[in-house]
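Note that the structure is a prediction, hence the values are computed from the model and not measured. Residue numbers begin at 1 in each chain, while the letters A, B, ... track the order of the sequences.
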There are 2 protein chains.
Amino acid sequence: MDMSLIEANYGQMKAESSTEFVHHIALFAALLCACIVIGHLLEESRWMNESITALAIGLGTGCVILLTSGGTSSHILEFKQEFFFIYLLPPIIFNAGFQVKKKQFFQNFTTITMFGAIGTLISFAIISFGATRLFPKLGIGYLHMKDYLALGAIFSATDSVCTLQVLNQEETPLLYSLVFGEGVVNDATSVVLFNAITKFDISDMNTFTALKFAGNFLSLFVLSTFLGVLVGLLCSFIIRTLYFGRNSTDREVSLMILMAYLSYVLAEVFGLSGILTVFFCGIVMSHYAWHNVTINSQVTTKHAFATMSFISEIFIFMYVGMDALDVEKWKFVKDSPRNSFGASAVLFGLIMVGRACFVFPISIISNLTTKPTDNKIEFKQQITVWWAGLMRGAVSVALAYKKFTGSDEQHMEPANALLITSTIIIVLFSTVVFGLLTKPFINLLTKSSNVDQTQPSSPKSIMMPLLGQRLDVEVETGDDETSLETKTKLKVMFSNPTNTIHYYWRKFDDAFMRPVFGGRGFISYVTGTRDIALT
Amino acid sequence: MDMSLIEANYGQMKAESSTEFVHHIALFAALLCACIVIGHLLEESRWMNESITALAIGLGTGCVILLTSGGTSSHILEFKQEFFFIYLLPPIIFNAGFQVKKKQFFQNFTTITMFGAIGTLISFAIISFGATRLFPKLGIGYLHMKDYLALGAIFSATDSVCTLQVLNQEETPLLYSLVFGEGVVNDATSVVLFNAITKFDISDMNTFTALKFAGNFLSLFVLSTFLGVLVGLLCSFIIRTLYFGRNSTDREVSLMILMAYLSYVLAEVFGLSGILTVFFCGIVMSHYAWHNVTINSQVTTKHAFATMSFISEIFIFMYVGMDALDVEKWKFVKDSPRNSFGASAVLFGLIMVGRACFVFPISIISNLTTKPTDNKIEFKQQITVWWAGLMRGAVSVALAYKKFTGSDEQHMEPANALLITSTIIIVLFSTVVFGLLTKPFINLLTKSSNVDQTQPSSPKSIMMPLLGQRLDVEVETGDDETSLETKTKLKVMFSNPTNTIHYYWRKFDDAFMRPVFGGRGFISYVTGTRDIALT
């Protein structure tokens with residue numbers, strides 16, 4: 001419903017071509033249906049997944065369109081980062097936050113943040129530095145320092161969609177939450193980094209500007225998170241106070257969707273990172289608002305958000321596949337195609353090295369800080385985490401377009417065209433090849449390491465809910481049995497710090513937040529009565 | 001996901017203004033949230049409804065924007081019919097078809113079709129003719145014959161949203177299905193009529209062109225319906241054959257949404273009426289596909305479609321409210337505002353007369369054809385039906401813009417500007433005034449006529465399911481007990497023809513359609529086993 005303004009412009013500027021525009025829409029709808037059906041048919045095969053299907057169909061369609069139209073319709077295939085960042089990314093990230101297993105996520109919060117934030121900075125530095133050293137050897141046109149830094153930021157954005165389609169949240173909870181959490185924080189980090197680079201004047205980099213840069217970076221992180229939490233709490237509060245005990249599923253769902261989207265665009269308006277905002281908005285909504293709505297709304301939101309994210313992902317991959325055949329980019333490099341392949345090879349090598357340089361050290365550090373009772377990240381899991389982040393996807397493409405395409409396609413610098421084509425090559429290669437290998441690769445790793453990997457996680461996954469329940473009971477019984485409470489408190493204290501934070505957070509949550517904003521313990525019985533009233 | 005192409009154009013043409021564009025999106029999201037919350041708060045008051053709330057908020061926002069920007073941002077407030085017809089209308093109509101009570105709808109099918117098709121043609125003729133006679137007296141600039149005919153088509157499009165918010169499908173099933181069904185068929189009729197007028201060359205109207213026109217009109221109706229049914233059946237077949245017994249809610253929901261939208265755009269591509277197509281696609285999907293999916297998908301689709309339709313409706317009314325303040329239209333008529341008010345008064349008078357001219361005659365005819373055991377439309381219900389169709393809404397506005405705004409706003413003919421302003425006046429007046437009066441008015445009528453109105457309907461609503469069950473039993477038991485079967489067949493035959501059609505349809509449906517495409521009786525137990533398998 002927020003399309004009207006483009007539509008206004010669109011309708012005004014291209015009113016005459018609205019019929020052919022409808023043709024394109026029909027084509028896209030049909031292709032998306034085909035993606036879903038074919039992807040489902042290929043579900044059994046251990047090699048394929050939806051992303052690759054969509055990529056393949058996109059490539060095929062691009063070929064057909066190019067052949068039929070003789071390259072004139074490459075214009076339509078253009079990937080615009082506005083579209084991606086304003087419409088396709090929010091549902092994906094919001095759904096990610098909405099469906100994430102909060103307990104797992106927050107228990108590994110420190111590790112995830114280290115992977116996502118520090119790790120991304122490390123790989124950014126390595127890719128940028130390596131590019132500055134190796135690109136001149138390839139005889140590529142001159143690039144500014146800013147371009148090299150942008151390259152670093154662009155190729156630090158991992159795309160763990162394929163991996164998450166393979167990993168199982170129940171079988172390997174630690175691995176899943178690590179890969180997933182890193183993916184989200186990493187998206188946010190690279191986007192924030194990219195914006196900071198494009199905004200700042202890096203030409204004269206001294207200590208002061210570096211500090212300013214870091215401060216800006218941190219404030220973006222904190223403010224974005226805060227905004228997301230704020231909007232999520234506001235939504236929960238509105239639903240709890242207004243719709244309490246009424247049968248208004250459509251209103252509840254609409255309000256959740258609209259406010260989630262509002263949080264994202266508000267973040268963009270304030271120059272924050274919408275990704276972080278909408279991610280935490282989703283977490284807060286699933287923690288509070290989701291428990292305030294009717295059963296029907298709960299089912300509907302859970303699956304409607306997943307569906308929106310699903311369609312957006314398919315669309316992005318299909319679009320990348322189509323866009324790979326955009327002639328206007330290739331015609332700049334057709335005289336020297338080996339250049340773009342060389343650049344792609346160099347960049348991909350840097351990506352692998354850069355990722356290895358932070359996955360293994362950070363894993364070791366986090367293993368040292370965790371107590372033996374907790375999850376350790378074994379070597380095989382470290383390899384999986386390293387592998388899972390090698391794929392590059394839509395975020396990289398979108399950032400590359402944002403950086404290297406000017407306002408007009410026609411007068412693109414050769415260097416920029418080359419960087420865009422190499423981006424496309426890397427995305428296609430990593431998604432297809434690594435995507436194809438991921439399923440068997442991870443099966444191999446997890447199967448063989450199933451024994452020594454479920455061993456540490458299974459007692460935790462049994463102990464955790466018990467601990468949670470006991471804490472609940474304490475809170476409900478109040479502070480009478482201080483002896484038991486202090487005992488458990490000490491017990492928790494001696495495990496890693498995250499648990500302590502988690503413990504105090506639960507106390508605070510049960511004592512102050514849930515009574516105001518609603519939550520599982522505080523709504524369930526009300527929901528019950530409400531349903532009886534409805535039936 | 002089908003926005004990409006506009007986006008492409010948009011991003012290309014207005015890349016520089018993408019930040020302010022985000023501002024507008026944020027504003028719209030916030031306003032929609034406000035509409036939902038305030039509309040909910042005003043729910044108790046028997047005068048208000050969501051449409052009026054949205055209109056009021058739209059007007060208020062328009063005022064603020066005009067005051068703050070000094071009329072420069074009226075450009076943003078432009079209502080583009082592409083946007084309306086491509087994105088806002090499909091979810092509304094699809095949801096209408098998806099949620100309609102099919103039995104009621106098809107039992108009154110003949111009456112509904114007479115109201116929707118013949119009635120619309122009558123009011124179209126009366127409005128056009130009256131305008132040709134009365135407009136010259138107002139001293140309005142010269143209008144072509146085509147303009148008068150277009151006016152007739154534009155103001156034959158009723159908007160029964162307000163009324164349907166008031167009518168209760170359980171209390172007054174006949175009234176609801178009549179008003180609702182007429183609204184849908186009427187939308188389709190007026191749009192088809194409008195397109196036929198704009199396409200055809202009416203300048204030399206002879207018998208041949210008239211016949212051609214009628215033939216074109218009929219073929220549009222039949223082909224659109226056929227396409228909708230076809231896509232709906234295809235979707236049901238795909239889901240039944242592919243997703244049978246699997247846990248793939250997101251895929252199922254995505255596929256239903258995408259194929260429903262596909263049916264609409266395909267109809268537009270083939271030059272058919274997308275409204276009719278997507279409406280029947282919705283009916284077929286809810287009859288077959290909906291029973292083939294998991295319980296979660298059933299809940300999700302039911303509420304997700306309703307939510308989409310809900311948001312679209314709010315958006316349209318808010319937009320009409322904002323657009324009413326578009327300065328560029330008013331500045332053409334500011335020297336003679338009384339003209340547009342005069343034209344509005346004349347047109348609205350014609351609307352009331354034209355509607356009266358077909359509601360009462362058609363009701364009497366349908367009362368004569370129905371047996372006494374069936375529902376008769378009493379006078380009070382006739383008045384309600386007449387009243388329910390007096391409001392004019394988004395369809396009229398969209399058609400008026402399509403007809404009377406050229407490619408560029410700046411050089412609008414005064415006559416066109418006047419017609420657009422009168423359209424806005426009529427929509428605002430009818431929606432606000434009649435919307436405010438509808439609830440008490442209908443309460444008055446239905447309450448007083450509750451006794452003699454539930455009397456005929458209640459035995460039917462009890463008898464119908466029994467009849468349906470008995471027919472089911474027969475079909476299951478086969479043709480052995482021909483005596484009982486012929487008896488019931490004759491009994492059904494002697495009631496009105498619709499029932500006979502309905503009876504044979506049910507036989508055909510149970511014997512051929514459901515086994516292939518799935519349906520209630522043929523999936524329920526499978527669903528049961530599937531759920532057990534899932535849990």
Side-chain angles (χ1 to χ4, degrees), chain A residues 1-16 18 21-26 28-30 32-33 36-37 40-41 76 78 80 82-83 86-87 238 242-243 248-251 253-255 258-259 261-262 265-266 268-269 296 299-300 303-304 306-307 310-312 315 319 407, chain B residues 1-15 18 21-26 28-30 32-33 36-37 40-41 76 78 80 82-83 86-87 238 242-243 248-251 253-255 258-259 261-262 265-266 268-269 296-297 299-300 303-304 306-307 310-312 315 319 407:
Chain A
M1 55 292 168
D2 42 72
M3 306 292 185
S4 66
L5 310 160
I6 330 151
E7 284 322 300
N9 300 313
Y10 169 81
Q12 203 175 359
M13 289 181 269
K14 323 238 327 154
E16 70 286 350
S18 76
F21 166 62
V22 171
H23 286 59
H24 299 316
I25 290 187
F28 266 93
L32 286 169
C33 295
I36 294 172
V37 172
H40 180 81
L41 289 174
I76 295 156
E78 225 169 307
K80 274 297 160 188
E82 280 94 355
F83 175 61
I86 296 180
Y87 303 115
I238 290 176
L242 284 187
Y243 299 146
S248 51
T249 298
D250 304 342
R251 286 212 193 87
V253 178
S254 321
L255 201 62
L258 287 172
M259 289 197 77
Y261 192 72
L262 182 62
V265 284
L266 274 182
E268 295 297 323
V269 167
N296 287 337
V299 177
T300 307
H303 292 292
T307 306
F310 178 67
I311 293 177
S312 304
F315 184 87
Y319 215 100
S407 54
Chain B
M1 57 292 170
D2 42 72
M3 307 290 185
S4 66
L5 310 160
I6 327 151
E7 283 324 297
N9 300 314
Y10 171 80
Q12 203 173 0
M13 289 181 270
K14 324 238 325 157
S18 76
F21 166 61
V22 172
H23 286 59
H24 299 315
I25 290 187
F28 266 93
L32 286 169
C33 295
I36 294 172
V37 172
H40 179 82
L41 289 174
I76 295 156
E78 223 171 310
K80 272 299 160 188
E82 280 94 355
F83 175 61
I86 296 180
Y87 303 115
I238 290 175
L242 285 186
Y243 299 146
S248 52
T249 299
D250 304 342
R251 286 211 194 89
V253 178
S254 321
L255 201 62
L258 287 173
M259 289 197 77
Y261 192 73
L262 182 63
V265 284
L266 274 182
E268 294 297 324
V269 167
N296 287 338
S297 306
V299 177
T300 306
H303 292 291
T307 305
F310 178 68
I311 294 177
S312 306
F315 184 87
Y319 215 99
S407 54

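Comparing B/A26, B/A304, B/S297 by heavy-atom pairs within less than 4.5 Å of chain A, the highest count is held by B/A26.
We find the CG-CZ distance between B/L258 and A/F28 to be 12.5 Å, quoted to the nearest 0.5 Å. In this structure, the separation between OG1 on A/T307 and CG on B/L255 is 11.0 Å, given to the nearest 0.5 Å. Within the model, atoms CZ of B/R251 and CD1 of A/I311 stand 12.5 Å from one another, a figure rounded to the nearest 0.5 Å.
Residue A/A30 comes nearest to B/L262 through the heavy atom pair N-CD1, 3.7 Å, listed as atom of the first residue, atom of the second, then distance. Minimum interatomic distance between B/V22 and A/V265 (heavy atoms only, all atoms of both residues): CG1-O, 3.8 Å.
Residues A/I25 and B/Y261 have side chains in contact (heavy-atom distance under 4.5 Å, counting atoms from C-beta outward).
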